[in-house]
Amino acid sequence: TGLYQTTYNANVALMKSYLDAGGRLLLAYYDEGYYGYAGDFYTTYLQATYLTDSGSKNVVNGVDIMSGVSFDLSTASYPDGFNIGANAVGIFDNATLPGWAGSRITRGAYKAIYLGFSFYQIPAASGQQQPLLDKALAWLIGSADPLPDGGPVCRRLRRGVVAELVVEVVGIGADEGQTPHILGERQ
């Protein structure tokens with residue numbers, strides 16, 4: 001845990017600095033609450049209060065900006081359930097449990113979306129990965145095309161290779177072999 005915690009803390013500091021400068025962040029990680037619940041990044045920047053591990057291990061239904069997006073996380077490993085703070089709005093409702101599986105945050109100069117599950121945990125057969133990403137990007141940066149100049153990240157997004165895009169932009173380390181997925185774009 002020493003190396004993981006050192007890497008995590010360093011990357012949290014970078015994300016906080018990025019957000020303080022007006023950044024845009026999409027963070028989708030099933031254990032962010034489990035590991036980071038006591039830190040100010042979780043409680044202040046993500047506007048979340050951790051409830052439980054596996055708190056989103058059911059069907060989650062999109063509301064607000066994610067209306068129409070729904071999928072089953074019953075086979076996912078430990079998706080977090082959480083309550084939201086004053087600067088957050090719930091965007092994924094746990095169908096049968098209290099709390100939220102996802103939220104959008106507007107605080108100071110930054111905007112963020114926090115998902116208590118990892119992107120790869122959304123069943124591919126549900127067809128909901130791309131609609132979720134499109135809606136997230138539209139809210140975060142006003143477009144589903146983060147690089148209008150047609151750069152390499154934009155081309156990967158159009159081809160649907162989301163994992164490469166996310167990991168190339170920012171990676172924060174691994175837990176049990178899984179890399180948390182983070183996508184950030186500053187306007």
Side-chain angles (χ1 to χ4, degrees), residues 10-30 32-33 36 40-48 56 60-71 79-80 82 84-93 100-122 124 126-173 179-187:
N11 285 303
V12 162
L14 289 172
M15 287 188 289
K16 288 165 60 173
S17 177
Y18 171 75
L19 290 173
D20 287 341
R24 304 292 189 258
L25 177 75
L26 169 59
L27 190 151
Y29 180 41
Y30 69 93
E32 186 62 34
D40 74 321
F41 178 70
Y42 192 75
T43 59
T44 303
Y45 286 80
L46 297 181
Q47 290 284 295
S56 299
V60 294
N61 297 306
V63 297
D64 189 63
I65 64 167
M66 290 297 167
S67 181
V69 177
S70 179
F71 44 87
D80 290 340
F82 57 93
I84 57 174
N87 295 313
V89 173
I91 60 172
F92 280 107
D93 182 27
W100 294 94
S103 64
R104 65 175 172 85
I105 301 101
T106 304
R107 185 176 169 274
Y110 73 83
K111 291 170 84 173
I113 291 178
Y114 166 50
L115 305 175
F117 51 88
S118 294
F119 195 78
Y120 74 89
Q121 292 176 313
I122 302 168
S126 73
Q128 298 297 292
Q129 293 174 336
Q130 194 63 49
L132 183 153
L133 188 59
D134 289 346
K135 289 175 182 244
L137 290 174
W139 184 78
L140 286 167
I141 60 175
S143 168
D145 187 358
L147 297 175
D149 66 354
V153 174
C154 182
R155 285 193 298 273
R156 284 194 187 101
L157 178 62
R158 284 194 191 114
R159 284 195 318 240
V161 186
V162 176
E164 281 186 29
L165 166 72
V166 171
V167 173
E168 281 184 12
V169 176
V170 178
I172 68 167
T179 301
H181 301 287
I182 298 174
L183 170 64
E185 177 67 26
R186 188 163 37 154
Q187 294 180 326

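In terms of heavy-atom proximity, Val69 sits nearest to Pro131 at CG2-CB, 4.2 Å. Summarising the geometry of Phe119 relative to Ala28, their closest heavy-atom pair is N-CB, 4.0 Å, with the distance given to 0.1 Å. Closest approach of Ile84 to Gly90, counting heavy atoms only: CD1-N, 3.3 Å. Summarising the geometry of Arg24 relative to Ile141, their closest heavy-atom pair is CG-CG2, 3.8 Å, with the distance given to 0.1 Å.
Distance check, rounded to the nearest 0.5 Å: CG of Asp134 to CE of Met66 gives 9.5 Å. To the nearest 0.5 Å, atom CG of residue Leu46 and atom CG of residue Asn87 are 12.0 Å apart. Here the CZ atom belonging to Arg107 is positioned 5.5 Å from the OG1 atom belonging to Thr44, to the nearest 0.5 angstrom. From Ile105, atom CD1 reaches atom CD1 of Ile113 across 8.0 Å, with rounding to the nearest 0.5 Å. Here the straight-line distance linking atom CG of Asp93 with atom OG of Ser103 works out to 12.5 Å at 0.5 Å rounding.
In this structure, Gln128 contributes its side chain and Ile122 its backbone to no donor-acceptor pair below 3.5 Å. Counting only distance, with no hydrogens or angles, the side chain of Asp80 and the backbone of Gly33 share a donor-acceptor pair below 3.5 Å. Of the possible donor and acceptor atoms, none in the side chain of Tyr18 sits under 3.5 Å from a partner among the backbone N and O of Ala13. Side-chain N or O atoms of Gln47 include one that pairs as donor or acceptor with a backbone N or O of Ala86 at under 3.5 Å.
Looking at Leu115 and Leu26, their side chains come closer than 4.5 Å, going by heavy atoms from C-beta outward. Side-chain contact between Asn11 and Phe41 is absent, with no heavy-atom pair separated by less than 4.5 Å.
Residues that satisfy the side-chain hydrogen bond (donor to acceptor under 3.5 Å, both in side chains) test with Asp40, not counting sequence neighbours, are Lys16. A search for side-chain contact (heavy atoms from CB on, under 4.5 Å) contacts involving Asp20 returns Tyr45, not counting sequence neighbours. Every residue meeting the side-chain hydrogen bond (donor to acceptor under 3.5 Å, both in side chains) condition with Asn61, not counting sequence neighbours, appears here in chain and number order: Ser70. Not counting sequence neighbours, the partners of Phe71 by the ring pair (Phe, Tyr, Trp, His ring centres under 6.0 Å) test are Phe92, Phe117.
Residue pairs satisfying the salt bridge (Lys or Arg N to Asp or Glu O under 4.0 Å) criterion with at least one member in residues 111-122, sequence neighbours excluded, are absent. Listed by first and then second residue, the salt bridge (Lys or Arg N to Asp or Glu O under 4.0 Å) pairs that reach into residues 60-69 are Asp64-Arg104, sequence neighbours excluded.
Screening Tyr42, Trp100, Tyr29 against Tyr114 for a ring pair (Phe, Tyr, Trp, His ring centres under 6.0 Å) leaves a single residue, Tyr42.
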